[in-house]
Structures are given as C-alpha cells and as structure tokens.
Protein chains: 2
Amino acid sequence: MEFKELINRYQIGISTVYRKVNQIMKEKVHEDITTDQFATLQYIYQQEACTSTDIAHAFGVGKSAITNQVNRLHKKGLIIRNQDETDRRNIFLHVTADGKEIVEFTEKELTIALTPLLSQFKEEEIYSFIHSLERLANLLEGKDFNQ
Amino acid sequence: MEFKELINRYQIGISTVYRKVNQIMKEKVHEDITTDQFATLQYIYQQEACTSTDIAHAFGVGKSAITNQVNRLHKKGLIIRNQDETDRRNIFLHVTADGKEIVEFTEKELTIALTPLLSQFKEEEIYSFIHSLERLANLLEGKDFNQ
DNA sequence: GTAAATAGTTCACGGGGTGAATAATTAAAC
DNA sequence: GTTTAATTATTCACCCCGTGAACTATTTAC
C-alpha cells in the first residue's frame with residue numbers, strides 16, 4: 001500500500017479538525033482562562049489524587065511547564081495545593097468550587113456546541129471513528145503493538 | 001444518543017495522537033527547525049503562489065504570527081520573498097533549494113517512521129478513518145453544520 | 001549515616017500567538 | 001483625477017507555553 005498520500009491526507013485532516021475544535025473551545029471556555037489551562041484544570045478535575053509529575057507525564061511535557069500552568073490556575077483561585085503528609089515531597093492538586101464550576105459549565109457548553117455536528121454522522125460511523133482513533137492512540141503510546 | 005462521553009473519548013484520543021505524532025515529528029524533522037516551522041515550510045512548498053495571508057488563513061492564525069514564522073524561515077535561508085510586480089502589495093513565498101531538501105527528506109523519514117504503525121490496520125479501516133476525519137474537517141470548515 | 005533517587009520549583013531563554021497601529025500600495029467613488 | 005477606502009505586510013508590546021539546567025527539600029537505599 002502507498003502510505004505517503006494517506007499520511008498527507010491524515011495530516012491535513014487532523015490539523016484542520018484540531019484547529020477548528022480548538023477555535024470552538026476558545027469561544028466556549030471561560031474567557032479568563034486559555035484552552036491549555038482548561039485542559040489542565042479538566043485533567044486535575046478528573047483525577048483522584050493528582051500531582052504535577054502526573055500531569056507532565058500525561059501531557060508529555062516537562063515538569064517545569066506544569067509548575068507554570070499550576071501557578072496560573074492557582075493565581076486564579078481554581079485549584080489548591082495539598083502537601084502529602086506521608087511523603088512530603090508530593091503535592092496533590094485539587095480543583096476548588098470555582099474551578100469545578102468552570103469545568104462542568106464548559107463541558108456542558110462544548111457538548112451543546114458539538115452535538116449538532118456529531119448528529120450529522122451515523123451512529124456506527126462515530127463509534128468506528130473513535131475506535132480507530134483510540135487504537136491509533138494506543139499503538140502510539142506503545143501499549144499493544146501486537147494486534 | 002449521549003454525546004458527552006463520546007466527546008470526552010474523542011478529546012483524549014485526538015490529543016494523544018496529536019501529541020505522539022508531534023513527538024515523532026520532532027525526532028524526524030531537521031534539528032534546526034521546529035515542527036511548526038516545518039509545517040509552514042511544507043505548506044509553502046506545496047503551494048504554487050503563496051502569500052502570508054494565504055498561510056494565515058490556512059492555519060487559522062493572525063497575519064503577524066506568519067510574519068514571525070516567515071522571518072525565522074527566511075533567516076535560516078529556507079525560503080525567499082518575491083514581490084509581485086503587478087501588485088506590489090503581494091509578497092510571494094518560495095522555498096529555496098535547502099528548504100526543498102528539508103521538506104522532501106522529512107516527508108520521506110515520516111513515511112518510513114509511520115508505515116509500520118499503519119501496517120497494523122486493515123486497509124478498509126484506514127480508508128474509513130481518513131474518510132470520517134475528512135468529513136469531520138469539512139463540516140468544521142463549513143460554518144453551518146446546524147441543520 | 002552518607003549517597004542516590006525523587007518531587008517540585010526557579011531561572012534564562014526562545015518559539016508562538018494576539019491585536020492595535022503603521023506604511024505602502026491598489027481599487028473605488030465622486 | 002483627486003480623495004477615500006480597502007488590502008498586504010510589517011512592527012510593537014504583551015502574554016502563554018515549552019525546554020533544560022541548577023537548586024531545594026524530602027525520602028529511600030546501601
């Protein structure tokens with residue numbers, strides 16, 4: 001099979017989708033935070049006990065990058081730092097009531113914005129697409145190359 | 001249908017794929033330029049007559065952002081500026097021999113890197129995935145998906 | 001008990017984005 | 001045909017985001 005053409009189509013498609021969804025995000029996300037800050041906030045919101053190192057690993061960036069992000073969110077009063085008493089090196093992050101409100105509101109708004117778009121697709125096509133996307137993600141993560 | 005869960009899965013999947021492919025890009029792209037710079041260079045390479053405004057529109061960013069990008073590429077000797085003689089406001093961008101070499105080499109390397117990954121998928125699944133991706137991109141490009 | 005490992009921070013630096021203001025050029029209006 | 005408007009590219013000040021090395025504090029290992 002000739003992959004070069006497919007890779008090119010993939011690149012154009014995925015960058016368009018990524019960019020446009022980001023544009024929609026920008027419109028819906030609370031105006032006081034950026035889409036990157038929202039992604040971090042949302043990740044903390046979804047985790048049980050979350051440290052800077054966890055986020056750095058999940059997002060594939062260095063720890064110092066997360067320190068900055070956490071500082072910005074902390075300055076806005078959206079998260080709090082809690083030092084682990086059993087191992088004082090660890091600092092667990094939690095969203096505040098304000099942060100929680102922003103995440104839940106934004107998620108709702110995003111769903112409202114994207115639903116009419118997804119409605120254009122047949123149910124099987126959506127599931128098939130997401131399944132392939134997740135398989136591709138897993139392969140790239142290096143989880144199960146043998147399937 | 002319940003879209004919230006699907007949107008969440010989409011977000012996780014696409015950000016993972018985007019990040020991982022970007023990581024592969026970083027390894028393969030000429031070390032003197034960034035992946036963003038490569039994307040710009042590749043776009044100029046693919047166009048016939050390309051202006052800053054074209055790129056800004058294609059990438060969904062402001063014109064001043066492109067001016068900076070173009071400056072960086074120009075400083076590295078990868079592109080040249082040609083003023084349009086019939087309309088002296090337009091400045092057409094072209095890649096130099098060095099720039100062309102970088103684009104072609106990187107594209108080849110990327111294909112080599114991604115081929116073993118794509119080989120894990122059945123041919124129909126790849127075509128189906130790319131088709132859905134392109135349909136999604138087209139819907140997002142069109143303003144009125146509200147029908 | 002000293003050395004190594006780990007978690008988080010700070011710092012200097014660069015890439016990348018915005019949006020308003022500007023200069024240069026062309027198109028349109030009267 | 002001059003004035004006005006539109007368009008292209010640039011500059012500027014400002015912020016967000018990332019790196020990587022050096023650092024502090026704490027825990028673990030030998």
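Letters A, B, ... mirror the listed sequences (proteins, then strands); counts begin at 1. None of these values were measured; they are calculated from a predicted model.
If you measure from atom CD1 of B:I91 to atom P of C:dT25, you get 10 Å, rounded to the nearest angstrom. Here C:dG8 presents its C1' atom at 11 Å from CG of A:L93, a figure rounded to the nearest Å. If you measure from atom CG of A:N71 to atom P of D:dC17, you get 12 Å, rounded to the nearest angstrom. Regarding A:N22, its CG atom lies at a distance of 11 Å from the P atom of C:dG17, rounded to whole Å. Taking atom NE2 of residue B:H57 and atom P of nucleotide D:dT7, one finds them 14 Å apart after rounding to whole Å. One can place CZ of B:R81 at 17 Å from P of C:dA24, the figure rounded to the nearest angstrom.
The base of D:dG20 lies close enough to the side chain of A:S64 for a donor and an acceptor atom to sit less than 3.5 Å apart.
To the nearest 0.5 angstrom, B:L93 atom CG is 5.0 Å from B:I79 atom CD1.
A sub-4.0 Å separation between OP1 or OP2 of C:dG15 and a side-chain N or O of B:Q69 is absent. Listed pair A:R72 / D:dG18 fails the phosphate criterion, with no side-chain N or O lying under 4.0 Å from OP1 or OP2. For C:dG15, the OP1/OP2 oxygens have no side-chain nitrogen or oxygen of B:Q37 closer than 4.0 Å.
By the neighbour-count criterion of 12 heavy atoms within 6.0 Å, atom CD of B:E31 is sparsely surrounded, having that number or fewer from other residues, nucleotides or ligands. Taking a 6.0 Å sphere around CD of A:Q46, one finds it holds more than 12 heavy atoms contributed by other residues, nucleotides or ligands. More than 12 heavy atoms of other shown residues, nucleotides or ligands fall within 6.0 angstrom of atom NZ in B:K20.
Checking B:E104, B:H94, B:K100 one by one against B:Y45, the side chain to side chain donor-acceptor pair (under 3.5 Å) holds for a single residue, B:E104.
Judged by closest nucleotide on DNA chain D, B:S52 is the one of A:K76 and B:S52 placed further toward the 5' end. Looking at which nucleotide of DNA chain D each of B:T51 and A:G62 is closest to, the 5′-most match is held by B:T51. Of the two residues near DNA chain C, A:N90 and A:K26, the one whose nearest nucleotide lies more 5' is A:N90.
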Report task. Output, in order, the C-alpha distance, side-chain angles, deciding distance and verdict of ring pair (Phe, Tyr, Trp, His ring centres under 6.0 Å) for A:F121 and A:F129. Result -> CA-CA 10 Å; A:F121 290 83; A:F129 177 75; 7.6 Å; no
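When all heavy atoms of B:C50 and B:I55 are compared, the closest pair comes out as SG-CG1, 3.6 Å.
Here A:T67 lies in heavy-atom contact (under 4.0 Å) with a base.
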**Report entry** Nucleic acid footprint by protein, nucleotides 22-30 of chain D - heavy-atom cut-off 4.0 Å, B for base, S for sugar-phosphate alone
**Finding:** ----BS---
